[in-house]
Amino acid sequence: MDPSPDPGQRLLEGDAPEEVVLAYHERTKHHFHRYAASPGMMDWATQPNPFRRYGGAELARLPLPQQPGRAVPFWQLYVAGSVAPAPLSIASVSLFFRYALSLTAWKRLSGTTWSLRANPSSGNLHPTEGYAVLPALDGLHDGPAVHHYAPREHGLERRADLDPAVWSALMAGFPTGSFLVGLSSIHWREAWKYGERAFRYCQHDAGHALAAMRISAAALGWRLSLLTDVGDAGVSTILGLDREVDGERTEREHPDMVAAVAPATPGGSAAIPRGLLEDVLRAVGAATWHGSANALSPAHVDWPVIDEVARATHREREPRAEEDLSRFASEDELFAPLVRSGSFSADKVILGRRSAVSMDGATSIPAETFFRMLGRLVPTRDGHSMPWDAIPWRPRIHLGLFVHRVRGLAPGLYALARDPDKVEALRAAMRRDFLWQRPPSCPPGLHLYLLEEGDCQALAAAVSCGQDIAGDGAFSLGMVADYAGSIGTYGAAFYRNLFWEAGAVGQVLYLEAEETGIRATGIGCYFDDPVHEVFGLPKSWQSLYHFTVGGPVEDVRLTTSPGYGQDGGRS
Ligand SMILES: Cc1cc2nc3c(=O)[nH]c(=O)nc-3n(C[C@H](O)[C@H](O)[C@H](O)COP(=O)(O)O)c2cc1C
């Protein structure tokens, strides 16, 4: 397919944004006989720099946390109110970014070196940039400011100085000790390798990063809430994304989200505003801004459909919908017995997260472990389950599972409804001949069903672009979205939220796998419609992401060194 149509020609047909988005989704499906349009080869001369820097903005290096950064067991992060809130300081902000977006390893293979981070990324291309809007903090800066996170240096670049009165107005209504964080995406980083499908991957990565931030906040005794009333223009203003004058040369950052981080309060959460005041946002935009973005590649290939879908999913502000969790399970209905012990510290699980590049085809897990992992993916009735408390919408992503090696469960196809009110809708949407049997010993609150018994290792690999990791793990899965229902409720911009939710599901699975002593891998390459055929799903449901969990096989050719060396390793 020609990625360079006549200027002005639209490739995604449709008048309404919802039609344009659906056209994008259909066009970027991988089929057995044809992959979505991409460069087909990697042009190493234009490989994007994974590190954005703002030249001219002052960089404050964050003190590297001693290990363990927070001596809490990983399981405790899920128990609301059980971690004492850390005071807001340069040390706690440092640990927040360390657990969310920092470098966790450098890898080397025959002269080539690359870094890996706490958050995963499709193709390790890392389109996601992180920001924080912070008050004056000793050792960081003597006034409130907007900062861009520089992962290679583990530092904060000061992009804007805020008037203390503007900071006070910005945070009025938020609990004492709150601050803001934000994410943006550089679509080009993913498009360089993946072409038109890249927009999807950027959204997945943003979802992973959102969950990584929420989980990091939990380790500090903080909560994190997405500000869904802040539209894209507001996100751009507060993160300074609309300021680039040198837009021809430097790659644009697209606004993703702003979230508030606040100390957790025992026994629940006082309401956190979902928006920011327009006139205060204008005052942030009018602050003194510093620095200009580096160019990441010397030349670029245009992928016009990405710009078209980005326009169609532009968010004014999220429409509000009544999201009632009263029929969801309580914690003790999801986890019987409650999980109050585990294998590893939060520090080890979060900083040790890694994708398996290959699975051993042998490791099995007990059914209780499988149920625990799935239970972590479901919000609880009280709305306090982490990380799902960060997002205000009820789950729109459900799982079609390929179970290979779970002790006590028959191998085969399973379904997990992450919303109890969607079981019947899923049953009606899927193949008529499925069994819909509850597995033995499954906790009552977990809506997990056996659909069909049988060895589905080859099938799982086949629909995951032939990747063996999907068949060689203990289980793999396709994440299916209640697509038409969600876009109908929230509009076209919610297309991005669906991927964020899928990314968050993936992030929880990554960490749950680490806690179990095994590994996971996100799978963005899968054949969309063949997955629908396996489960019999109509087009009102769409598969958005795949995942595999199992016993990893290490690549012994690689050498590994820490994200930051003895001397800070940040030169
Ligand atoms: C959205 C997404 C899609 C991915 N798709 C694949 C895939 O199709 N196949 C694969 O082997 N790894 C896939 N990965 C894993 C990445 O390659 C991996 O995250 C990246 O190389 C960084 O390594 P790390 O996860 O160990 O930090 C995916 C990861 C993400 C977040």
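Note that ligands are numbered from 1 as they come in the structure, with each ligand's atoms numbered from 1 the same way.
Nearest protein heavy-atom contact of atom 16 (C) of ligand 1 is Ser121 O, 3.3 Å. When only non-hydrogen protein atoms are considered, atom 10 (C) of ligand 1 lies nearest to Gln467 OE1, 3.6 Å. Scanning all protein heavy atoms for the shortest distance to atom 23 (O) of ligand 1 gives Leu116 CD2, 3.5 Å. In terms of protein heavy-atom proximity, atom 25 (O) of ligand 1 is closest to Ser355 OG, 2.6 Å. Regarding atom 21 (O) of ligand 1, its nearest protein heavy-atom neighbour is Asn124 CB, 3.5 Å.
Taking the six-membered ring where tryptophan is involved, the planes of Tyr495 and Phe499 are perpendicular, since the angle between them exceeds 60° and thus also 30°.
Of the possible donor and acceptor atoms, none in the side chain of Ser115 sits under 3.5 Å from a partner among the backbone N and O of Leu103. Side chain of Asn294 to backbone of Arg53: a donor-acceptor contact under 3.5 angstrom is found.
Neither side chain, His300 nor Thr46, offers a donor N or O lying under 3.5 Å from an acceptor on the other. Side-chain N/O atoms of Tyr510 and Ser355 include a donor and acceptor closer than 3.5 Å. Side-chain atoms of Asp256 and Ser185 include a donor-acceptor pair closer than 3.5 Å. Side-chain N/O atoms of Ser121 and Arg189 include no donor and acceptor closer than 3.5 Å.
Below 4.0 Å from some heavy atom of Ile523 lie the following atoms of ligand 1, by number and element: 5 (N), 6 (C), 7 (C), 8 (O). Near His208, the atoms of ligand 1 lying under 4.0 angstrom from a non-hydrogen atom of the residue are 31 (C). Near Asp205, with a cut-off below 4.0 Å to any heavy atom, the atoms of ligand 1 are 1 (C), 31 (C). Residue-ligand proximity, Ile469 to ligand 1, at heavy-atom distances under 4.0 Å covers atoms 11 (O). In summary, the atoms of ligand 1 found under 4.0 Å from a heavy atom of His204, numbered by their order in the structure, are 1 (C). The atoms of ligand 1 that sit less than 4.0 Å from any heavy atom of Gly524 are 3 (C), 4 (C), 5 (N), 6 (C), 7 (C), 8 (O). Residue contact check: Arg353 has heavy atoms under 4.0 Å from atoms 24 (P), 25 (O), 27 (O) of ligand 1. Interface atoms of ligand 1 facing Cys525, defined by a heavy-atom separation under 4.0 Å, are 8 (O).
Annotation: side chain to side chain donor-acceptor pair (under 3.5 Å) contacts involving residues 462-471, sequence neighbours excluded, comprise Ser464-His546.
The residue among Gly522, Ala209, Ala118 with a heavy atom at the shortest distance from atom 12 (N) of ligand 1 is Gly522. Considering each of Phe499, Tyr201, Tyr510, Tyr545, the one bringing a non-hydrogen atom nearest atom 31 (C) of ligand 1 is Tyr545.
Between His398 and Phe535, the ring centre distance reaches or exceeds 6.0 Å. Residues His148 and Tyr131 bring their aromatic ring centres within 6.0 Å.
Ligand 1 has no atom lying under 4.0 Å from any heavy atom of His546. Ligand 1 does not have Tyr526 within reach: every non-hydrogen atom of the residue lies 4.0 Å or more from it.
The number of heavy-atom neighbours closer than 6.0 Å to NZ of Lys348, taken from other residues, nucleotides and ligands shown, is 12 or below.
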